[in-house]
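Please read all numbers here as calculations on a predicted model, not as lab measurements. Order of listing sets the numbers, starting from 1, for every ligand and every atom in it.
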Amino acid sequence: MIVEQIWTGNAYRNFNYLIACPETGDALAIDPLDYTKCLAVAKERGWTISQVLNTHEHGDHTGGNQGVVKATGAAIIAHKNDGGRIPNMDRGVGAGDVIKVGNTVELECLDTPGHTMCHICLLSHTDQPALFSGDTLFNAGAGNCHNGGHPEELYETFSSQLDLLGEDTLLYPGHDYLINNLEFTLDREPDNRAATDMLESYRGQDPDNALVTTLSQEREMNTFFRLQSPAVVEKLIAEFPELGDKPDAKAVFLKLRELRNSW
Ligand SMILES: [Zn+2]
Ligand SMILES: [Zn+2]
């Protein structure tokens with residue numbers, strides 16, 4: 001499996017992806033908003049884009065679909081319940097469905113509601129797994145729930161799916177929000193050494209050559225994975241006594257998500 005992370009350079013800081021089979025040159029485009037750039041990269045690498053996967057229905061993820069389809073005739077794949085919102089969908093997928101790319105790549109669909117209620121993440125069946133997480137999980141952060149999502153569902157997705165992924169899983173999110181998110185982690189947990197070090201190392205990084213984290217790193221510096229951290233919990237309790245002495249993981253997650261909205 002070859003992964004090409006494509007930086008759009010737009011105001012929303014979107015990442016697009018091409019996933020290619022090294023044997024056949026067949027490729028899948030994930031959320032190819034900057035379709036011109038995606039098509040150019042595919043051409044340069046000698047790849048043929050035969051499928052487009054939208055992680056969810058927001059315009060900054062689907063806006064390039066028709067440009068890719070017009071140039072390549074690619075099939076559009078998205079969450080099976082998103083047909084009404086994504087025009088010209090060819091295939092609807094749900095939990096456990098597998099998308100094949102060429103003859104070497106298999107991507108498993110995870111049904112991950114929260115950012116929106118129809119959101120798909122892809123998990124590669126490779127020696128070192130890779131998660132294409134759309135707007136569900138970001139480097140050092142979690143997706144918001146303002147536009148069709150729900151924080152309780154997002155918590156469920158984290159606790160019942162993302163928490164179970166292996167430590168060496170590589171993370172490929174839909175946006176570059178690394179720096180802002182690290183600053184939020186440090187606002188919540190000022191002594192977090194991993195977040196401090198990462199902020200120092202990657203402030204001003206070139207998004208064309210962005211850091212790719214593992215889930216192991218995320219669990220150290222992403223506050224939404226640190227619901228049991230005594231420092232995170234103690235600070236929350238001090239500021240929000242209504243949480244009680246021993247808030248459970250869900251209450252901590254929901255409070256963090258709420259604070260991140262206005263931070
Ligand atoms: Zn979105
Ligand atoms: Zn987005």
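The closest side-chain donor-acceptor pair between T24 and D26, if any, does not fall under 3.5 angstrom.
W7 and K37 make their closest contact through O-NZ, 2.6 Å (heavy atoms, listed as atom of the first residue, atom of the second, distance).
Legend: protein N/O/S atoms lying under 2.8 Å from the Zn ion (ligand 2), waters omitted, number 4.
The aromatic rings of F132 and Y17 sit perpendicular to each other, their planes meeting at more than 60°, with 30° as the lower class boundary.
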Worksheet item: Between S50 and T48, is a side-chain hydrogen bond (donor to acceptor under 3.5 Å, both in side chains) present by the stated rule, with each step listed?
Response: CA-CA 6 Å; S50 64; T48 307; over 6 Å; no

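Rounding to the nearest 0.5 Å gives a distance of 12.0 Å between CG of L28 and SG of C21.
The ring of F138 has its center closer than 6.0 angstrom to the ring center of H175.
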